**Student:** 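If you scroll down you'll find the structure; I have some questions about it.
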Amino acid sequence: LAPLVTLLRHLRVGRVPAVVAAVLLAVLVIVGAGWLMGRQAAQLAGDLPRYQATIRDKITSLREAATGRGPVERVAEMLQELSNEFSNPVSKTPGPAQADKPAPPKPVPVEVVGESRSPVASMKAFLGPLVHPIATIGLVGILVVFILMQRNDLRNRLIRLAGSHDLQRTTAAMNDAAERLSRFFLIQVLLNASFGIVVGLGLWLIGIPSPVLWGIVAAISRFIPYVGVVIAAGFPIVLSAAVDPNWGMLLQTIAFFAIIEFLVGQVVEPLLYGHSTGLSPVAVIASVTFWTWLWGGVGLLLATPLTVCLVVLGRHVKPLEFLEVMFGDRPPLTAAEIFYQRMLAGDADEGLEQAEALLTRHSLAAYYDEIALKGLALAQHDANRGALDAKRASRVAETIEQLIEEIGDSDVTIEPEPKDAGERADGDAELEARLVEADGRVAGLPVPPDGTEPPAGAPVVLCVGGRNALDRSCGAMLAQLLGRHGVPARVEGHEFLAGPPMAPPDAHGIRLVVLSVLDASSPVQIRYAVRRLRRRVPGARILVGAWGLDQDGSGSLCDAARSDGCASRLGEALRLCLDRTEPAGDAARDAA
């Protein structure tokens with residue numbers, strides 16, 4: 001009711017009149033629904049005797065079908081009874097001995113007369129069971145009015161309890177919880193009310209008596225997770241079996257509830273709720289089980305709101321972060337962490353599934369920049385602290401190069417068409433923004449027609465791993481991107497730097513060398529590697545790919561390494577390579 005009170009306050013209605021109006025509206029809705037239900041139930045109770053014969057006949061037919069008493073069996077039993085009648089002798093008149101037998105005594109009728117009660121005792125016996133529900137309803141009403149009247153004061157007290165020394169975090173947590181719960185309750189009320197209206201109309205069309213009653217019952221019972229659907233459908237299904245002598249109405253009712261529940265549960269609810277609650281599906285089931293075990297029916301109704309509050313606490317309070325990890329809908333691992341974990345496990349297939357899911361709307365360079373390179377950076381960090389030995393690092397590199405080869409064999413477009421946010425498979429908005437930014441780094445680059453081979457004597461780009469197999473994997477990604485843009489490239493490992501200082505036989509065709517390094521913490525070693533490359537490949541430009549550094553860091557490294565250029569992203573390196581391998585561009589720069 002708080003949004004309604006806020007709306008009335010914005011219309012310049014006083015706080016007390018706004019609260020009274022909101023509460024009275026809620027009471028009128030509840031009383032009106034109760035009156036409709038009572039009237040429909042009374043009408044249904046008056047018609048129940050007419051349905052008893054139908055129910056009895058159907059139960060008998062079901063029992064006969066279960067015991068195998070079909071028409072043939074009934075005819076055989078009738079013939080057997082007739083045969084017994086013909087074979088039995090005619091009963092004779094009882095003899096004297098039987099006539100002298102005394103008749104059995106007749107039972108004595110017994111009448112139970114209740115104790116006479118006074119009017120006060122009768123009223124007490126009638127009102128006794130109603131006192132507790134009436135008291136509970138009154139207490140709930142008083143609490144609702146009090147909370148709506150003192151909403152701001154209660155908020156301030158909760159902030160003081162949570163810690164007024166960190167108002168920013170406390171306010172963010174309370175706003176997050178309030179927004180999620182308010183949206184969840186509002187959507188739930190509107191959806192369940194619409195569900196009840198559709199159920200009432202559908203049952204009226206089918207011919208079920210008292211459709212208004214079952215529509216209200218369906219709307220109310222759907223607030224109960226899992227069990228509510230059974231309650232909403234159970235009574236109309238039983239009643240349809242009692243109304244129709246045949247089975248047509250029963251089958252129609254079952255089919256109607258199956259279709260509408262499937263549409264609402266699998267189509268409408270995911271579209272409306274989305275990630276409003278912030279709970280994972282497993283968390284919903286676990287929370288319902290736990291709170292129902294703890295508080296029974298009340299826990300079943302409050303399971304989702306209570307768990308939402310716990311998840312919000314875990315999101316904003318560091319010691320309770322495990323609650324958000326266990327029950328929240330955020331991915332437990334980032335895309336880069338999933339990539340690295342799969343490469344550690346030697347599972348290139350799942351890595352390919354992840355890649356294909358993203359490559360339908362983002363470029364290959366964006367995927368490599370924001371996921372593969374960041375996953376390799378995690379591997380390099382583990383290698384630097386001794387948690388990843390050389391053997392396992394080589395295994396990671398082999399799996400990555402297998403993944404690169406499989407991506408090359410798949411139908412991956414160079415410039416995919418971006419999709420709307422509603423069609424995105426992942427819910428990580430931050431990752432999506434970074435991928436879009438990475439797409440911009442390679443937008444507008446020249447792409448050769450499909451099946452076009454590079455011309456003879458085309459400039460070759462050499463990608464050299466700086467220190468280990470992980471660096472070589474980064475170079476392999478760049479080589480694949482260059483090949484897809486019509487520039488031939490080949491990959492060498494860090495052993496290329498340790499070879500003899502003389503130039504290789506094919507050095508004359510190499511126009512550009514890209515030194516790939518993940519660990520750029522030692523500019524001296526990078527400068528030494530650049531010097532070795534200049535001796536081995538004379539006349540070629542040297543580009544340092546310091547993957548993971550920002551632009552300022554890569555610029556400083558470029559000056560320290562004395563290279564011809566630096567790049568911190570594969571998309572940026574791809575643009576530089578395409579620019580510096582154009583023959584016209586090279587001639588102009590040479591003339592300059």
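Worth saying up front: this structure is predicted, and the values here are computed from it rather than measured. This chain uses plain numbering: 1 for the first residue, then up along the sequence.
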**Student:** Just by distance, do the side chain of D347 and the backbone of R342 share a donor-acceptor pair under 3.5 Å?
**Tutor:** no
**Student:** Within a 6.0 Å radius of atom CZ on F185, are there more than 12 heavy atoms belonging to other residues, nucleotides or ligands?
**Tutor:** yes
**Student:** When rounded to the nearest 0.5 angstrom, what distance separates CZ in F256 from CD1 in I259?
**Tutor:** 9.0 Å
**Student:** Using side-chain heavy atoms (C-beta onward) and a distance below 4.5 Å, is I338 in contact with T334?
**Tutor:** no
**Student:** Taking all non-hydrogen atoms of both residues, which atom of A365 and which atom of G571 are closest, and how far apart?
**Tutor:** CB-CA, 4.4 Å
**Student:** Mind listing the closest non-hydrogen atom pair of A21 and L8 along with its distance?
**Tutor:** CB-CD1, 4.1 Å
**Student:** Strictly distance-based, threshold 3.5 Å: is any side-chain N or O of Q480 a donor or acceptor partner for the main-chain N or O of I404?
**Tutor:** yes
**Student:** Output the distance between atom CG (L358) and atom CD1 (I371), rounded to the nearest 0.5 Å.
**Tutor:** 4.5 Å
**Student:** Indicate the ring-plane relationship of W214 and F235, choosing parallel, tilted or perpendicular according to the 30° and 60° boundaries.
**Tutor:** parallel
**Student:** To the nearest 0.5 Å, how far apart are OG1 in T253 and CD1 in I206?
**Tutor:** 4.5 Å
**Student:** Within the distance-only criterion (no hydrogens, no angle test), does the side chain of W295 pair as donor or acceptor with the backbone N or O of L302 below 3.5 angstrom?
**Tutor:** no
**Student:** Between S240 and I237 (side chain of the first, backbone of the second, donor and acceptor by atom type, cut-off under 3.5 Å), is there such a pair?
**Tutor:** yes
**Student:** Any heavy-atom pair between the side chains of M477 and L481 that's under 4.5 Å?
**Tutor:** no
**Student:** For V23, run the side-chain contact (heavy atoms from CB on, under 4.5 Å) check against V19, V20, L25 and tell me which one passes.
**Tutor:** V19
**Student:** Show, in sequence, the C-alpha distance, side-chain angles and deciding distance for E261 and F195, and conclude whether the side chain to side chain contact (heavy atoms under 4.5 Å, CB included) test is met.
**Tutor:** CA-CA 9 Å; E261 179 56 31; F195 180 80; 4.0 Å; yes
**Student:** Could you tell me whether the side chain of N192 and the main chain of I220 form a donor-acceptor pair under 3.5 Å?
**Tutor:** no
**Student:** Assess the residue pair L344 and R395 against the criterion (side chain to side chain contact (heavy atoms under 4.5 Å, CB included)); give the C-alpha distance rounded to whole Å, side-chain angles, the decisive distance to 0.1 Å, and a yes or no.
**Tutor:** CA-CA 7 Å; L344 275 174; R395 181 183 179 186; over 6 Å; no
**Student:** Is the shortest side-chain heavy-atom distance between W204 and V199 below 4.5 Å?
**Tutor:** no
**Student:** Roughly how far, to the nearest 0.5 Å, is the CG atom of L190 from the CG atom of L186?
**Tutor:** 4.5 Å
**Student:** Between T307 and W291, does the side chain to side chain contact (heavy atoms under 4.5 Å, CB included) criterion hold? Intermediate values first, please.
**Tutor:** CA-CA 9 Å; T307 311; W291 293 111; 3.4 Å; yes
**Student:** How many angstroms lie between atom OG1 of T6 and atom CG of L148, to the nearest 0.5 angstrom?
**Tutor:** 9.0 Å
**Student:** Between L213 and L36, is any pair of side-chain heavy atoms under 4.5 Å apart?
**Tutor:** no
**Student:** Check whether any side-chain N or O of S210 sits under 3.5 Å from a backbone N or O of Q40 as a donor-acceptor pair, and report yes or no.
**Tutor:** yes
**Student:** Is there side-chain contact between I407 and Y367, with heavy atoms separated by less than 4.5 Å?
**Tutor:** yes
**Student:** Please find the pair of heavy atoms, one from A219 and one from A193, that lie closest to each other, and give the distance.
**Tutor:** CB-CA, 4.4 Å
**Student:** Please name the pair of heavy atoms, one in L181 and one in P305, separated by the smallest distance, quoted to 0.1 Å.
**Tutor:** CD2-CA, 3.7 Å
**Student:** What's the separation between atom OG1 in T289 and atom CH2 in W293, rounded to the nearest 0.5 Å?
**Tutor:** 12.0 Å
**Student:** Between R9 and V13, is there a donor-acceptor pair closer than 3.5 Å when you use the side chain of the first and the backbone of the second?
**Tutor:** yes
**Student:** Measuring only between side-chain heavy atoms, which start at C-beta, is F223 closer than 4.5 Å to Q188?
**Tutor:** yes
**Student:** Does E401 use its side chain to pair, donor to acceptor, with the backbone of E398 at less than 3.5 Å?
**Tutor:** no
**Student:** G200 and P211: which non-hydrogen atoms are nearest, and at how many Å?
**Tutor:** O-CB, 3.4 Å
**Student:** Between L378 and F339, is any pair of side-chain heavy atoms under 4.5 Å apart?
**Tutor:** no
**Student:** Determine, step by step, whether V264 and R222 satisfy the side chain to side chain contact (heavy atoms under 4.5 Å, CB included) criterion, reporting the C-alpha distance in whole Å, the side-chain angles of both residues, the deciding distance to 0.1 Å, and the verdict.
**Tutor:** CA-CA 11 Å; V264 173; R222 215 174 183 282; 3.2 Å; yes
**Student:** Where is the tightest heavy-atom contact between L570 and D369, given as atom of each residue plus distance?
**Tutor:** N-OD1, 2.6 Å
